[in-house]
Amino acid sequence: MPSKNQLTIGLDTETELVTPGNLAPRLACTSWAYREPAYHQHLHERVEGKPLRIISGVEHHTTTDDIAIWVTGASHTSDDIKLVGHNIAFDMAVLATHSPWLLPYIFAAYARGNIEDTMIREQLLDIADGSFWLKRKKTGSYSLKGLAEKYLSIEMEKGEETYRLRYGELIDTPLKDWPKEAVEYSRNDAVMTLAVYNAQSERGELKDGPAQARAAFALHLMSCWGVVTDGERVNEFVKVASDTMACHGEKLSRVGLMRMNGTKDLTKIRARVKQSGGPVKHTEKGNIATDEESLIATGDPDLALLVEFSKAQKLDSVWTRYLRQGSNPSTPVQARFHCLVESGRTSCSKPNLQNPHRATGLRECFIPRKGNLFIACDYSTLELCTLAQITTWLFRKSNMAEQLRNGVDLHLHFAAQMLRIPYEDAVERSANRDPEIKEARQIAKAANFGYPGGMGANSFRQYAKGYGVELTEKQAEKLREDWFNTWPEMRDYFKHVSTVVGNEKGVIEQFVSKRLRGGVHFTQACNSFFQGLASEGAKAALFEVARLCYADPESALFGSRPVMFIHDEIILESPSENAPEAADELAEVMRSEMKRFTPDIPIGTTVALMERWYKNAEAVRDSSGRLTAWRPNDE
DNA sequence: ACGCGATGCGCC
DNA sequence: AAAGGGCGCATCGCGT
């Protein structure tokens, strides 16, 4: 709840340039801006101007008293200070590096909801009216410059002639000796940020800004910390990829599927597919499909080689340079995390740590720094839990919720329903590795993950292949019937979504966060409710975990560092001696934070210690119940 | 030379 | 009535 006497302050920092290994460089100055007349000039002597009736100033890095007062909330002139920045996570990380004692206060200000971000607010507004997907990939659409033009019709200079990239030169110069342009440039950013913030409030109702800003900060700290790789493993990984490419590439150019310059000749490849004589799959636009399934189906050994070549090539070009960089401890892999995409989830790039390809030795290249272990903790069937919560809210009764409260494995439960056997029998046969049960559970799992999104029986057949399940059309339809009968609330769920979004596109409001998402069609809406809720809960958990790691000496997590966030999973780098305790606390914090989003559903987590990044690591405890590092069988 | 759509595939 | 979503990022091929 904003108090009556709230002051919003636009904030910006200027720094040395970011370098590989250092995303929170030295501070040069801080600039700020707030609206008259809420606040008075009672602090330091400063440069002042009043565009847009805004009071603004610039502080040299040697004086951060104002910032401290605002961040700590110690101001006596205002009950409640909201700090606003454009990508303010960066500024907060810079300030925390400059003045480490501020860090707990920064977390506290975030926790109070007193720090917001104009970039995130813009994204929230765009998601709300359905225009996000248009702008997401356009450069500049979420820059401060872009927003100043859009909302204020002001052209901001960002060119070579500005001081933008040159503040490092001024660090050791007293502010009074700075060129006027350098001061003004910085001040202007703060002023523009404040003006944009106010304009955004006019544009539409904004929900969830503070929570998203919190997540952005935690994610940014992860980028700043980075994660290192194991040079030996990296070399092995690179060798496998380059050998495969060299070996197959030569053959492929000989048979004419590749050109001399090493590029694939899709025209020839498509001709080859046609030539094979089998059934030919076409793409949406009518071209001959060249996906793995189609190429393998031809039975042509050259096309099979091509599949292997392409995979190796892609792996190599996506990962090699980052893996090599990370094997130098002073330049860890510092992926960029983006706190908000249309679904409410996060994304990650350069490299995308959220999709490390399995079974390639890629994951295993990532290791904790010396003296540390990785702690990996993920939620168990999180999106089914959030779906169960949502159907509970909507209909008061949800079989999914009930079964979860009974501690039932939802996949096995549905498998038992499919086979018309009691759940208890399924549990027993599953424990005995009964192959029929195992297969049924795989099918059930595919159904439980696919159908909630509104999938039809036909698409499901394709989808199920990913779970190693082949179904006829009849079987798929029967399965869908069984699924609805097992989870009767799901008929009501789809009916409800239909009424919300109608036959065209509509607007939905997320539960808990009240975040809006506009321009959504049926299946998007089906997914958005539970996927968004899961994401919001996981992000809240990440923030709290980061706070404990960085700023709470009482916590077992203090001193650990989050290094990865993969939708429903958090991975920490943790000093070995304390890692077991940290792991248990990590799991506990993740569950309790999620509880705020799924109050009626028990949330389970699985946690493991690892000496490198493994998929499928499990909790291993010694005789006294203390966690120890999990190792794969072959090591 | 560069931009962009189409295609494909990895992860959750 | 019927309807998986949504990220990142590579290559290829075509158009400016």
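No hydrogens, no waters, no symmetry mates; every other heavy atom, side chains included, goes into these values. Residue numbering restarts at 1 for every chain, and letters A, B, ... go by the order of the sequence lines.
Atom CD in A:E504 sits about 18 Å away from atom P in C:dA2, given to the nearest Å. In this structure, CG of A:D316 is placed 14 Å from C1' of C:dC9, rounded to the nearest angstrom. To the nearest angstrom, C1' of C:dA2 lies 12 Å from NE2 of A:H521. Put simply, CZ on A:R461 is 13 Å from P on C:dA3, counting in whole angstrom units. If you measure from atom CG of A:L362 to atom P of C:dC9, you get 14 Å, rounded to the nearest angstrom. At whole-Å resolution of the value, CZ in A:F337 and C1' in C:dG8 are 13 Å apart. Here C:dC9 presents its P atom at 9 Å from NZ of A:K137, a figure rounded to the nearest Å. As a whole-Å value, the separation of A:W319 CH2 from C:dA10 C1' is 13 Å.
Remark: A:R259 pairs with A:D265 by the salt bridge (Lys or Arg N to Asp or Glu O under 4.0 Å) rule, at least two apart or across chains. With sequence neighbours left out, A:R121 forms a salt bridge (Lys or Arg N to Asp or Glu O under 4.0 Å) with A:E116. Looking at residues two or more places apart in sequence or on another chain, you find a side-chain contact (heavy atoms from CB on, under 4.5 Å) between A:E383 and A:R345, A:T386, A:F530, A:Q531, A:A534. Applying the side-chain contact (heavy atoms from CB on, under 4.5 Å) rule to A:T523 yields the partners A:H521; only residues at least two apart in sequence or on another chain are considered. Looking at residues two or more places apart in sequence or on another chain, you find a side-chain contact (heavy atoms from CB on, under 4.5 Å) between A:A312 and A:T244, A:M245. Residues passing the side-chain contact (heavy atoms from CB on, under 4.5 Å) test with A:D243, sequence neighbours excluded: A:K239.
The ring-ring contact (aromatic ring centres under 6.0 Å, His included) test with A:F366 singles out one residue from A:Y322, A:W613, A:F237, A:Y614, and that residue is A:W613.
When heavy atoms are screened at a 4.0 angstrom cut-off, A:Y463 is found touching base atoms of the nucleic acid. As judged by a 4.0 angstrom heavy-atom cut-off over every strand, A:R491 is placed among residues making no nucleic acid contact. As judged by a 4.0 angstrom heavy-atom cut-off over every strand, A:K285 is placed among residues touching the sugar-phosphate backbone only. Note on A:S310: nothing from the nucleic acid sits closer than 4.0 angstrom, heavy atoms only. Note on A:R363: only backbone sugar-phosphate atoms sit closer than 4.0 angstrom, heavy atoms only; bases stay farther off. At a threshold of 4.0 angstrom between heavy atoms, the contacts of A:E569 with the nucleic acid are absent. In this structure, A:P356 reaches the sugar-phosphate backbone alone: every heavy-atom distance under 4.0 Å involves primed, P, OP1 or OP2 atoms, never a base. No engagement by A:D378 is indicated, since no non-hydrogen atom pair under 4.0 Å with the nucleic acid exists.
Within residues 214-225 of chain A, no residue has any heavy atom under 4.0 Å from DNA chain C. Remark: A:V341, A:E342, A:S343, A:R345, A:S347, A:C348, A:S349, A:K350, A:N352 in residues 338-355 of chain A come within less than 4.0 Å of DNA chain C through at least one heavy atom.
Residue pairs that meet the ring pair (Phe, Tyr, Trp, His ring centres under 6.0 Å) test with at least one member in residues 241-296 of chain A, sequence neighbours left out, do not exist here. Residue pairs meeting the salt bridge (charged side-chain N to carboxylate O under 4.0 Å, His left out) criterion with at least one partner in residues 280-291 of chain A, sequence neighbours excluded, are A:K281-A:D291.
Neither side chain, A:R480 nor A:N485, offers a donor N or O lying under 3.5 Å from an acceptor on the other. With hydrogens and angles left out, the side-chain atoms of A:K505 and A:Q524 include no donor and acceptor closer than 3.5 Å. For the residue pair A:W487 and A:N448, a side-chain donor N or O sits within less than 3.5 Å of a side-chain acceptor on the partner. Judged by distance alone, the side chains of A:S349 and A:R336 never bring a donor and an acceptor atom under 3.5 Å apart.
In this pair, A:F449 and A:H411 present their aromatic rings perpendicular. The plane angle is above 60°, beyond the 30 to 60° band.
Salt bridge A:E536/A:R515: present, at least one basic N to carboxylate O contact under 4.0 Å.
Taking a heavy-atom distance under 4.0 Å as the criterion, the stretch of DNA chain B touched by chain A extends 5' to 3' from B:dA6 to B:dC12.
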Summary of protein contacts for nucleotides 11-16 of chain C, nucleotide by nucleotide, where a base hit scores B, a sugar-phosphate-only hit scores S (4.0 Å, heavy atoms): SSS---
